[in-house]
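Here's the structure we're looking at; comments come further down.
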Amino acid sequence: MTSLTFHGATDTVTGSRHLLEVDGKQVLVDCGLFQGPRAIRARNWQPFPVPPKSLDAVVLTHAHLDHTGYLPCLVKRGYRGPIHCTRATLDLLGIMLLDAARLQVEEAEYANRKGCSRHQPALPLYDEEDARKVLGLLEGHDYGETFEPEAGMRMHYLRAGHILGSAFIMTEVESTRILFGGDLGRYGQSIIPDPTPVSRADYLLIESTYGNRDHQGVDVHAELERIVRRAARDRGWVLIPSFAIGRAQEVLYLLEDLRRSGRIPAVPIYLDSPMATSAVPLFVRHTQDHDLEMTALMDSDRCPFESPNLTFVHTRDDSKRLNDVEGPAILIAGSGMANGGRIRHHLIVRAPDPRNVVLFVGYQGEGTPGRALLDGAPTFRAFGWEVPVRARIERLDALSAHADRGEMMRWLSGFETPPQRTFLVHGEPDARAALSARIQAELGWNVHSPALGETVDLN
Ligand SMILES: [Zn+2]
């Protein structure tokens with residue numbers, strides 16, 4: 001008796017949690033945090049749908065918090081079993097879960113200071129101690145290595161091409177193959193190899209984030225070259241608000257590539273994010289996650305993160321000292337949507353100067369300062385300051401880590417026989433419906449969009 005229950009990421013792109021049950025054994029695939037609007041986040045505070053103690057194992061697709069960020073809560077509520085993941089995911093979680101815990105604690109403290117929580121006092125969902133307990137339960141695996149989270153359940157990881165360590169989980173229960181898709185990456189991304197083609201699975205679970213959209217066909221190198229060259233000419237600063245893991249390293253890689261090939265001058269680059277800095281060695285160490293270009297660079301001893309003009313900025317004081325440095329220069333700092341982190345003080349200093357440019361390289365959520373700047377906000381506010389925005393605002397959307405609908409169809413068309421059933425998760429309702437319709441029309445597959453809490457039999 002095999003069944004699958006969808007406990008998250010059904011009507012939204014966060015909170016991925018799928019419960020696989022085989023003859024009474026329970027294995028949780030991903031353990032994501034619900035993020036975004038308050039009503040969605042409130043789900044993190046509800047009791048977990050099954051008692052955490054009753055779970056036999058947890059298996060993760062990749063390190064993003066919408067797939068892992070609930071783990072400290074699960075452990076706080078009694079889970080003590082193994083948590084399987086790839087080796088790079090294991091290392092990334094050591095940085096990301098501790099950071100997530102610190103953020104939870106800071107937000108609760110802030111809410112208590114301002115008295116703006118409905119809960120008195122506001123409590124963090126979990127703290128650093130809970131996160132550290134998770135790290136003690138992690139078991140890392142190589143791609144392709146078979147492991148058995150429970151007897152009779154064989155699993156191995158395939159590359160998903162999404163972020164460092166990201167994977168699909170091929171699961172075999174007797175002769176039935178179930179493929180957990182996690183998030184599907186893109187073809188031709190820097191550093192990370194392409195998604196592995198799959199030719200057969202009986203059941204397929206896959207995301208639909210960009211199920212109704214194509215990324216623009218922009219030449220990322222050419223765009224970045226144009227922006228940096230202009231800033232160099234104007235002696236301006238390029239401020240890049242960036243997520244610390246993945247995007248920051250990809251931008252460094254692209255900048256070094258452009259410099260080496262003589263397309264941009266050797267402008268000083270500052271990585272002003274301790275979290276991004278601590279993740280850089282992981283991108284070098286995890287050779288299993290390198291694409292051909294990265295492998296060739298490392299083989300010839302040309303580490304893309306050892307540029308002579310790159311400075312890792314560690315302390316707050318070092319960060320503040322940059323205020324007096326003349327351009328041209330490039331600065332990468334968190335947070336990606338300018339709603340936290342060191343990028344804010346750089347924006348206060350640099351946004352009023354028309355020689356400078358603010359370059360957004362990731363998705364800007366509704367209601368964030370990043371979205372406001374993209375929409376033409378005349379001022380930027382932080383730390384009690386408000387400054388006019390005269391810097392140019394640019395965006396490079398093409399750096400997404402998620403496959404667009406064309407890339408999803410490309411990967412799906414690698415199947416030689418259609419899965420018996422394909423489950424679509426991890427998408428807003430419009431995107432999910434659009435992808436479902438397209439798969440049915442073009443491939444003729446049996447597609448289902450499960451509801452929250454729905455159980456399906458896989459027999
Ligand atoms: Zn992801």
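As the structure lists them, so they are numbered: ligands from 1, and atoms in each ligand from 1.
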Identify each donor-acceptor pair in which a side-chain atom of residues 273-281 lies under 3.5 Å from a protein atom, sequence neighbours left out, and give them as a table.
unit_1 : atom_1 : unit_2 : atom_2 : d
Ser273 : OG     : Ala276 : N      : 3.0
Thr277 : OG1    : Ser273 : O      : 3.0
Ser278 : OG     : Pro274 : O      : 3.1
Ser278 : OG     : Met275 : O      : 2.9

Using residues 91-108 as the side-chain source, report each donor-acceptor pair under 3.5 Å to any protein atom, sequence neighbours left out, with the distance given to one decimal.
unit_1 : atom_1 : unit_2 : atom_2 : d
Asp91  : OD2    : Arg285 : NH1    : 2.7
Asp91  : OD2    : His286 : NE2    : 2.8

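The six-membered or imidazole ring of Phe415 lies near that of Trp445, with a centre-to-centre distance under 6.0 Å. With ring centers used as reference points, Tyr126 lies 6.0 Å or more from Tyr70.
Between the side chains of Glu172 and Thr176, no donor N or O sits under 3.5 Å from an acceptor N or O.
Within the structure, the ring pair (Phe, Tyr, Trp, His ring centres under 6.0 Å) test picks out the following pairs touching residues 128-160 (sequence neighbours left out): His84-His141, His84-Phe147, His141-Phe147, Phe147-Tyr157.
If you count the protein N, O or S atoms nearer to the Zn ion (ligand 1) than 2.8 Å, you get 4.
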